[in-house]
Structure formats: structure tokens, C-alpha cells
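Read through the structure below, which is laid out as C-alpha cells, and then see the notes.
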Amino acid sequence: MTPKRILTIAGMGALLAAALPAQSNSCGRACLEGYVDQFMDAVIAHDPAKLPMTRNVKYTENGQRLDPGDGFWRTASAKGAYRLFVDDSEDGQVAFMGTMKEAGIPVILALHMRIVNRQIPEVEAFVLRNQQAAENLEKRGHPNPLFTEAIPASERMSHADLIKTANMYFSGLQLNDGKGDYPFTADCNRLENGVQTTNNPDFVTGSLFASQGGPGGRGRGRQAAPPPNQGTQFNPARLGCLAQFKSGYFHFVTRIRDRRFVAVDPERGLVFSFIFFDHAAGKYRTFKLADGRTISAGPTTPWTWEIAEMFRIEKGKIRRVEAVLDHVPYGMLSGWSDWEDGMSSRARDVTKQ
Amino acid sequence: MRIQLFTIAGSGILLAGAAAGQASKSGTCGRACLEGFADRYLDAVIAHDPAKAPFAKSVKFTENGQRLNLGDGLWNTITGKGTYHVFVTDPTVGEVCYMGSIEEAGTPAMFAMRLKIRDRKITEAETFVQRSANSARGFEKIGWKWTETIPPAERMSREDLIKTANMYFSGMQKNDGKGNYPFADDCNRIENGGFTTNVAPRPGQTRADPKTAKMYSAQWSCMEQFKSGLLHFVTLIHDRRFVAVDPERGLVFAFGFFDHSAGDTRNFETPDGRKITAGPIQPWTWEIVELFKIEGGKIHQIEAIMEHVPYGMNSGWSDWEDGRSDRAR
């Protein structure tokens with residue numbers, strides 16, 4: 001199928017979507033994305049009254065419950081160019097990943113809001129205060145056009161199957177041993193904090209740890225992160241998604257938990273999730289690759305990434321992965337789960353709640 | 001004076017031993033007993049084996065504000081003890097607190113903990129790892145002692161000790177230079193292994209002048225810093241938990257969080273009317289363990305370890321309302 005043909009179908013898809021009767025919340029794509037812009041306008045104005053939140057709205061920022069008006073509400077200063085949306089009109093959910101400025105400094109915002117009767121009862125914000133990452137994304141100017149391309153109607157996957165496939169990414173990565181079922185397309189690529197971390201010989205796997213200042217770092221000049229892939233010259237970043245997972249290299253990701261799938265867009269094959277990657281360190285750093293070599297890799301102290309992760313899935317296979325990662329206290333939760341759910345590796349579809 | 005203090009300290013320990021025999025929440029577990037639990041806890045962590053310490057079945061364990069299962073977190077990575085430590089032991093409530101240097105994966109770090117002991121079991125373990133080699137080396141080098149005893153006639157009540165320590169937090173939060181700041185003339189503070197008060201100017205450097213400075217200076221005394229009004233950008237000190245008090249030694253051990261809200265809160269006036277803009281430009285929270293030595297109603301020594309955490313984070317031991325409140329608990 002030529003790109004032109006796909007675009008034509010995509011165009012039809014958009015028309016079809018617009019023609020569809022109002023969904024449960026009668027808030028379609030433009031309506032949902034409008035709320036994201038309203039959020040940005042309201043935080044830039046430092047004025048919660050400018051966003052139609054319910055009286056009992058729950059607002060979290062980087063996993064912490066705050067009063068609306070606190071945190072990013074005091075400091076947001078401008079919108080950015082990079083804007084990626086996952087619109088879930090079926091469930092009244094909208095998710096966003098993109099650039100903004102805070103006190104004039106580029107940041108990445110990941111956002112999830114629930115819309116009920118044109119009001120917002122839930123706002124989950126994740127601000128990555130990592131200027132380099134934000135500039136990486138901003139330089140791209142816009143997300144991959146693939147993310148707004150409709151999947152041909154006959155090939156669309158169900159909401160449940162999309163989540164199931166995305167979750168296989170997490171299950172394959174957790175204690176990765178190279179032997180799992182990894183549903184990737186041959187041309188799959190991943191972007192993390194604005195950097196392509198697959199098929200990229202210029203990137204060194206593990207250097208994201210160093211970019212956050214090393215263990216306990218958060219960019220404060222603490223210890224440097226350990227050299228990645230000790231014991232071998234193996235750099236998985238030069239490989240594709242499937243080869244990376246088949247290598248067994250990511251075994252040091254000991255637990256992927258609090259897996260919350262917050263928005264699903266079957267028309268575009270998109271899934272948006274929030275999760276945490278724990279790296280327990282210690283004895284978990286030393287393991288066998290799939291080819292039998294023993295290596296030590298990963299952080300030397302307990303390390304958790306808070307992550308917003310978006311997947312483009314086509315015909316049961318993951319074609320693109322985009323993630324925003326921030327170093328947080330080991331074992332931290334999202335603020336939207338109780339401790340048992342937050343520490344569990346179970347996939348949770350929270351779009352229907 | 002030093003010899004005399006040590007003599008008093010010696011008799012203090014005897015007195016404490018006798019006091020521990022009286023009713024307390026930890027049963028007959030006095031100073032040595034409680035500190036023994038702290039040692040056993042740390043030995044178990046170093047052995048990477050929770051079975052080596054006497055935990056209650058329902059024990060709650062947190063590390064850096066996050067609830068974890070025993071055996072996770074530092075349990076996997078600690079490699080040894082360092083040379084510096086201090087206890088704040090509180091038989092009255094059956095709690096022992098500890099701050100000291102450790103080694104994790106071969107790198108020095110700072111460690112603090114609070115253990116609650118009931119019926120000879122650890123029912124609560126609240127820990128904090130500050131992963132900075134420089135901090136640990138600094139504390140080891142300075143090696144402050146905290147064991148000197150306050151003469152019995154001069155001892156303050158638990159309530160007054162907490163009240164005085166809390167005045168430190170209340171004086172710093174939105175600091176305006178006009179509060180009641182109970183600092184002794186010799187008050188000194190170490191944060192993350194380095195002095196942040198009374199630091200001598202470097203050769204050729206002029207001492208910062210509180211009347212003209214736009215940012216508080218580590219060259220100033222505790223009192224000068226608070227009277228400058230230049231710490232205003234600490235907008236909220238929340239989840240203030242005073243977890244162990246030792247009236248015999250005049251010690252108070254606290255956990256808290258310092259929020260810096262940034263934005264408009266960076267703009268403020270000094271007591272003499274100068275307009276200042278200062279503080280972090282993006283929202284910033286320090287998770288903090290703070291130890292105070294208080295005598296005669298005045299703070300003499302402050303020692304703190306602090307780690308940058310997500311803005312607004314709480315301890316894991318408070319509900320959200322208490323966690324966001326600046327009330328002393």
C-alpha cells in the first residue's frame with residue numbers, strides 16, 4: 001500500500017469519525033484535544049478557574065496529589081510545538097505528550113484527563129523537568145505523522161486487544177530473558193525523552209540513567225551512573241525493538257508496576273499508559289544474556305523511572321513506542337492506585353472507571 | 001568543661017538506665033536495648049536478610065517515603081557501615097532514631113531510620129537513604145558528637161523540646177526576618193555533610209552583608225540567616241513529624257518536607273524593605289531528616305540530610321491532609 005493510499009484512507013477515517021453519532025460524553029477528537037489546550041492555557045494563566053474542573057477534582061503532578069493552582073500551575077509559561085494526543089472519545093479520556101515551557105525553561109508534559117459531562121474530575125500531570133529531553137522533542141517540531149494516521153477500518157483492533165498488546169511490551173521487558181513473545185513490527189522504533197533508543201548506534205543504552213545525574217542524581221552533580229553494559233561491548237541501542245528484547249539485556253528492569261492504561265484510540269491504533277520501572281540493583285544486576293554471556297548492567301542503586309508510554313499498534317504488532325521518563329524515589333506510586341495495585345505488575349484498564 | 005560534661009554524661013546514662021525500668025511503651029526496653037534493635041536492623045540489612053532482625057508480622061517498612069516489602073530497596077544494595085552515626089533514643093515512646101554513614105554498592109551514602117519497638121519486635125521501620133558520597137564523607141570528617149548530657153536541673157520537657165524545634169521550621173517557612181528564632185549564639189548547622197552556617201569567607205573574599213545580600217549566605221550565623229528574611233522562598237514545611245525526643249541529651253529528631261513553590265513566591269521583601277527575587281525557579285521539594293540539639297530553650301546544633309524528591313511528596317506515614325499541613329505532630 002502506498003503512502004498516498006494510506007493518507008486517503010486516513011482522510012476517510014477522519015470524516016467517518018466526525019460523522020459518527022455523539023459518543024457517551026459527546027466529546028470527539030477536537031473536543032477532547034480542546035480540553036488539553038484549555039489546561040495549558042489555564043496553567044499558563046496560573047488560574048484554575050480557567051479550566052472546567054469539577055468541585056472535587058483530583059489533581060496530581062508527578063505522582064503527588066496537589067491542590068490545583070500549586071506546582072506547575074505557578075510556573076508554566078508557554079506552549080511548545082510538539083503535541084501528541086491520544087483521544088479516547090469512547091471513554092471520555094484524553095492523553096497528551098509534548099513540550100511546554102516552565103519559567104521560560106523547556107519541559108515535557110505528559111497529561112491525562114477524564115472528561116465527564118464537559119467537566120474534568122481527574123487531572124494527572126507529569127512534568128519532566130529535563131531541559132535536554134524537552135529540547136530533543138521540541139527540535140522534532142511535531143510527532144511522527146503515523147500517530148494521526150487512521151488504521152484501515154477492517155484492520156482495527158479492539159480496545160482490549162490494543163491494551164493486551166501494549167502490555168506485552170511491559171511483560172517482555174520485566175526481567176527480560178529474550179525468550180518471551182514480543183509483538184514488534186520489523187520497522188519498530190522507540191523514542192525515550194526525545195532520543196531514539198532503537199536502531200541508533202550513536203546512542204548508548206543506559207545513558208539515560210547518567211542524564212538524570214546518576215543514582216540519587218536528579219541532575220544535582222551526584223555520583224555518575226555506572227558504565228552501561230559492563231563486561232561486554234554490547235550496546236543494544238543499535239538494534240531494533242525485537243532484537244533488543246530477544247537479547248535478554250533488559251533483565252535488570254526487575255519490576256514494571258502500577259500499569260495503568262488510561263486512553264485507547266482504536267481508530268489510530270494508539271494506547272497511552274502510565275507505569276513505573278523498578279531496578280532493584282544488587283544481585284539483579286548480574287545475569288545471562290540470551291546468547292549465554294554473563295553481564296552486569298543497570299543502575300547500582302535502587303532506581304525507579306516514572307514513565308508515560310505511548311504505543312502505535314498495527315495488526316497486533318507494536319510499530320512505535322514513545323516514552324517520557326523521570327527518576328523518582330524507588331518504589332513510588334502514581335497517586336491513583338492503592339499500594340497493592342501500585343506494586344502489582346497486573347495490567348489495569350482504567351479508561352472505563 | 002568538656003571533662004565535666006563527660007562526667008555528667010556518664011551519670012546520665014546511669015540515670016537513664018534507671019528511668020528505662022519505669023513504664024514505657026517499649027516495655028523494659030531502655031536506651032541500650034533500643035539501640036541494640038537499631039544495630040540488629042542495620043546488620044540484617046547488610047546481610048540482605050530480613051530474617052536476621054526481629055520484625056513483627058505486620059511490620060510497615062518505608063524507604064524514602066515509599067512503602068516497600070522488607071528485603072527490597074537498600075536491602076539489596078548496602079555493602080557496609082560507615083564511621084559516623086548518632087542515635088536519638090526515646091524509651092518513653094519505644095522508638096529509636098539513627099543517622100549515620102553507610103556504604104552502598106561500594107559508594108558512601110547517608111542513612112537515617114526510625115524504628116518502633118513493641119514487645120521486642122520492630123513494628124515500624126522508616127528509612128531514608130541520601131545517596132551522596134560527598135555528604136557521607138563530610139559527616140564522617142566533621143564527626144559531630146551528640147551524646148553530651150544536659151544537667152538534670154536544666155532539662156526541658158518533651159513538649160518544649162518539640163515546640164522549640166518546630167520554631168525552626170515555622171521561622172524558615174516564608175521566612176520574613178520578624179519571627180521568634182530560638183538560636184543560641186554558637187548555633188551551627190550541617191546539611192548533607194557540609195557546614196551551611198558560620199562558614200569562613202575564602203581568602204580574598206569579603207563576608208556577605210545581610211543588609212545588602214540578595215541571597216542568604218552560609219557565612220552567616222543561624223540567627224543572621226533567619227533575621228535576613230532571605231529564606232522566604234521556602235513556601236511550605238509540611239508533614240512535620242517529630243518522631244523521637246531525648247530530653248536527657250536535648251535531642252529532637254524530625255522528618256519533614258520543604259516545598260519551594262517557585263513562580264510568584266520567589267518575589268518578596270526583606271525586613272528592611274528591599275525587593276528580592278530568589279529561590280528555585282521550578283517547583284522543588286526537599287525530603288529532610290533534621291536533628292536538633294536544644295539547651296535552655298535554644299537551638300545549638302542542627303544536622304540535616306536532604307534529598308530532592310517530586311514536588312509535594314509526603315512521608316508515607318501521614319494521610320494527605322496531615323501530609324500537606326504545616327502543623328507540628
Side-chain angles (χ1 to χ4, degrees), chain A residues 46 59-67 69-77 102-105 107 126-127 129 131 213-223 226 254-255 276 278-285 299-304 306 326-333 335 339 342-343, chain B residues 48 60-69 71-79 104-110 128-136 192 235-236 257 259-266 280-285 287 306-314 316 319-321 323-324:
Chain A
H46 313 314
Y59 173 69
T60 63
E61 188 174 304
N62 296 20
Q64 313 309 316
R65 184 177 152 203
L66 298 177
D67 287 320
D70 201 357
F72 194 52
W73 288 85
R74 292 185 203 271
T75 47
S77 55
E102 178 182 53
I105 302 167
V107 296
F126 175 28
V127 184
R129 298 180 166 105
Q131 186 168 347
R218 301 189 64 86
R220 297 278 301 165
R222 309 276 173 79
Q223 318 159 39
T254 42
R255 188 167 53 198
F276 294 87
D278 287 348
H279 308 69
K283 64 187 177 196
Y284 298 99
R285 295 188 67 245
T300 55
T301 59
W303 184 289
T304 293
E306 178 175 15
D326 199 10
H327 180 202
V328 298
Y330 180 77
M332 198 180 93
L333 306 183
W339 186 72
M343 295 305 279
Chain B
H48 304 175
K60 178 177 170 181
F61 164 55
T62 62
E63 184 173 300
N64 295 21
Q66 314 308 320
R67 184 176 153 202
L68 298 176
N69 285 316
D72 202 355
L74 183 70
W75 287 85
N76 281 313
T77 48
I78 192 170
T79 43
E104 184 188 33
T107 302
M110 282 301 288
F128 181 52
V129 189
Q130 191 236 337
R131 297 187 162 99
S132 157
N134 284 343
S135 174
N192 286 359
T235 40
L236 180 70
F257 294 83
D259 284 358
H260 308 67
S261 299
D264 279 350
T265 66
R266 300 183 67 238
I281 55 177
Q282 292 172 294
W284 184 286
T285 293
E287 179 173 15
M306 44 217 262
E307 185 88 346
H308 180 201
V309 297
Y311 178 78
M313 200 181 94
N314 295 339
D319 62 24
W320 186 73
E321 283 71 18
R324 294 299 296 160

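Throughout, protein chains are lettered first and strands after them, A, B, ... in sequence-line order, and every chain is numbered starting at 1. Only heavy atoms go into these numbers, but all of them, side chains included; no hydrogens, no water, no symmetry mates.
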* Asked: Which one, B:Ser261, B:Ala105, B:Gly263, B:Gly312, leads in non-hydrogen pairs under 4.5 Å with chain A?
  -> B:Ser261

* To do: State, yes or no, whether a side-chain contact exists between A:Arg255 and B:Asp72 at a heavy-atom distance under 4.5 Å.
  => yes

* **Separation of B:Glu104 CD from A:Thr300 OG1 (nearest 0.5 Å)** => 7.0 Å

* **Within-4.5 Å side-chain heavy-atom neighbours: A:Leu66 and B:Arg324** => yes

* In terms of heavy-atom proximity below 4.5 Å to chain B, should A:Tyr284 be classed as side chain, backbone, both, or neither? -> side chain

* Closest approach of B:Gln282 and A:Val107, non-hydrogen atoms and distance? -> NE2-CG1, 3.6 Å

* To do: Give me the one residue out of B:Leu68, B:Thr77, B:Val129, B:Leu74 that meets side chain to side chain contact (heavy atoms under 4.5 Å, CB included) with A:Tyr330.
  => B:Leu68

* Asked: Which bit of A:Met343 comes within less than 4.5 Å of chain B, counting heavy atoms only: side chain, backbone, both or neither?
  -> side chain

* To do: Please look at B:Asn314 and chain A and tell me whether the side chain, the backbone, both or neither of the residue comes under 4.5 angstrom of a heavy atom of that chain.
  => backbone

* **Value rounded to 0.5 Å, distance of CG in B:Leu236 from CG in A:Asp70** => 8.0 Å

* To do: May I ask you to name which of A:Met332, A:Arg74, A:Glu102, A:Arg65 has the most heavy-atom pairs under 4.5 Å with chain B?
  => A:Arg65

* Side chain, backbone, both or neither of B:Thr265 within contact of chain A (heavy atoms, under 4.5 Å) -> side chain

* Closest heavy-atom pair and its distance - B:Ala262, A:Thr75 -> CB-CG2, 3.7 Å

* Mark yes when over 12 heavy atoms from residues, nucleotides or ligands other than B:Asp264 sit less than 6.0 Å from its CG; otherwise mark no. => no

* Asked: Distance from B:Asn76 atom CG to A:Arg285 atom CZ, nearest 0.5 Å?
  -> 12.0 Å

* To do: Under 4.5 Å, counting heavy-atom pairs only, tell me which of A:Glu306, A:Gln64, A:Glu61 racks up the most with chain B.
  => A:Gln64

* If you count heavy-atom pairs under 4.5 Å between each of A:Pro302, A:Gly282, A:Gly104 and chain B, which one has the most? -> A:Pro302

* Select one option (side chain, backbone, both, neither) describing which atoms of A:Val127 are under 4.5 Å from chain B's heavy atoms. => neither

* **Most contacts with chain B, counted as non-hydrogen pairs under 4.5 angstrom, among A:Ala76, A:Ala280, A:Ala103, A:Gly342** => A:Ala280

